[in-house]
Q: 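Pasting a structure below so you can have a look.
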Amino acid sequence: MRVSKKGRSVQQMLGIETFTKYGLMTEGGELLFYKVAPTNISVLSTANIDIKIYHLQMLLSSIPDLEVICTDNCECFDDNKSYLQVLAQTESNPLVRGLLEKDRDMLTGMQAEMSTARQFVLVKRCKGLKPEQVFQTMNHVQKAIAEQGFEVQRMSKKDIKRVVAVYF
């Protein structure tokens, strides 16, 4: 007997088909992911900040369909914290209730520590390209990002999974 699924998988809801050699295949084409190291502009002079902005403008002008993702570098613990709060409210044993509160406080602390770290990802969508064309595009985009003075690296499957988990 075959069991049918009532709902769609998360992968289907996001339009993700599979991981490829270079990125992520979606209904809208293959996505190539690049991690860009953030710059601490609080220590830069106004002139250097203007230069960074100019380089970003040049990059976006040379590759206008480049997509930018900026996220906190952590998962959201809100559902877990809410669950622990509900458990603590219904728990009759004061010792267990205290432990649940400590767990919730620990998650709050972890989230606060991790949320200050930002993650910048540039995404290039390749639609209708052959694998060798995707490879050429991938190298061209990485070179263009580096030429504008940004520290860039292609993201691995593991890195892409983490970004998708944090973003969604």
Side-chain angles (χ1 to χ4, degrees), residues 8-82 104-168:
R8 299 184 325 169
S9 72
V10 172
Q11 218 175 325
Q12 289 171 327
M13 289 184 345
L14 297 177
I16 297 171
E17 293 175 3
T18 186
F19 281 92
T20 66
K21 187 175 182 179
Y22 308 117
L24 190 64
M25 183 59 72
T26 68
E27 296 167 352
E30 187 167 355
L31 302 177
L32 306 176
F33 292 82
Y34 304 90
K35 187 185 322 183
V36 178
T39 301
N40 184 358
I41 62 171
S42 66
V43 298
L44 295 179
S45 67
T46 304
N48 284 334
I49 293 172
D50 290 342
I51 290 169
K52 282 287 188 192
I53 292 170
Y54 177 75
H55 286 163
L56 182 58
Q57 288 174 329
M58 294 304 297
L59 175 62
L60 295 176
S61 295
S62 66
I63 309 173
D65 58 342
L66 202 59
E67 300 172 33
V68 181
I69 299 172
C70 175
T71 65
D72 290 336
N73 197 13
C74 70
E75 291 88 7
C76 180
F77 298 115
D78 291 343
D79 290 342
N80 292 342
K81 291 188 316 188
S82 296
R104 194 168 72 92
D105 292 343
M106 180 203 61
L107 288 177
T108 300
M110 283 175 54
Q111 189 170 8
E113 285 178 25
M114 295 171 68
S115 68
T116 58
R118 299 287 184 253
Q119 179 172 269
F120 297 92
V121 177
L122 300 177
V123 181
K124 170 70 174 155
R125 189 177 303 270
C126 300
K127 193 167 185 170
L129 299 181
K130 296 177 182 173
E132 52 274 357
Q133 292 171 312
V134 172
F135 179 74
Q136 291 172 350
T137 301
M138 175 190 65
N139 288 332
H140 168 74
V141 171
Q142 186 170 0
K143 182 179 176 189
I145 296 168
E147 285 175 347
Q148 292 302 327
F150 295 100
E151 189 178 321
V152 62
Q153 78 180 67
R154 270 188 35 235
M155 294 178 69
S156 66
K157 180 179 179 178
K158 177 183 166 188
D159 294 331
I160 295 169
K161 282 183 174 182
R162 178 157 170 70
V163 166
V164 170
V166 169
Y167 191 74
F168 293 102

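Computation of the quantities below employed the complete heavy-atom set of this structure, encompassing side-chain atoms and omitting hydrogens, waters and symmetry-equivalent molecules.
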Q: Do the non-hydrogen side-chain atoms of Phe135 and Lys21 ever get within less than 4.5 Å of each other?
A: no

Q: Just how far is it from atom CD of Gln153 to atom CD of Gln142, taken to the nearest 0.5 Å?
A: 8.5 Å

Q: Hey, what do you get for CZ (Phe150) to OH (Tyr34), rounding to the nearest 0.5 Å?
A: 15.0 Å

Q: If we ignore hydrogens and angles and just use 3.5 Å, is the side chain of His55 paired with the main-chain N or O of Gly149 as donor and acceptor?
A: no

Q: Got Lys124 and Leu31 here, is their nearest side-chain heavy-atom distance under 4.5 Å?
A: no

Q: Quiz question: by atom type and distance under 3.5 Å, do the side chains of Asp105 and Thr108 form a donor-acceptor pair?
A: no

Q: Between atom CG of Asn48 and atom OH of Tyr54, what is the distance when rounded to the nearest 0.5 Å?
A: 15.5 Å

Q: Between Pro131 and Tyr22, which heavy-atom pair has the shortest distance, and what is it?
A: O-CE1, 3.6 Å

Q: Give, for atom CZ of Arg125 and atom CG of Leu24, the distance between the pair rounded to the nearest 0.5 Å.
A: 10.0 Å

Q: Do Asp159 and Phe33 come within less than 4.5 Å of each other through their side chains, counting heavy atoms only?
A: no

Q: Could you grab the distance from atom CD of Glu30 to atom OG1 of Thr18, nearest 0.5 Å is fine?
A: 10.0 Å

Q: Do Thr26 and Glu17 come close enough that some side-chain heavy atom pair is under 4.5 Å?
A: no

Q: Given Val141, which partner from the list Leu32, Leu66, Val152, Leu122 fulfils the side-chain contact (heavy atoms from CB on, under 4.5 Å) test?
A: Leu66

Q: Look up atom NZ in Lys130 and atom OG1 in Thr137, then write down how far apart they are to the nearest 0.5 Å.
A: 13.0 Å

Q: Where do Met138 and Arg154 come nearest, in terms of heavy atoms and distance?
A: SD-NE, 2.9 Å

Q: Counting C-beta onward and ignoring hydrogens, is there a side-chain heavy-atom pair between Val163 and Met155 closer than 4.5 Å?
A: yes

Q: Tell me if the CD atom of Gln133 is crowded by more than 12 foreign heavy atoms within 6.0 Å.
A: yes

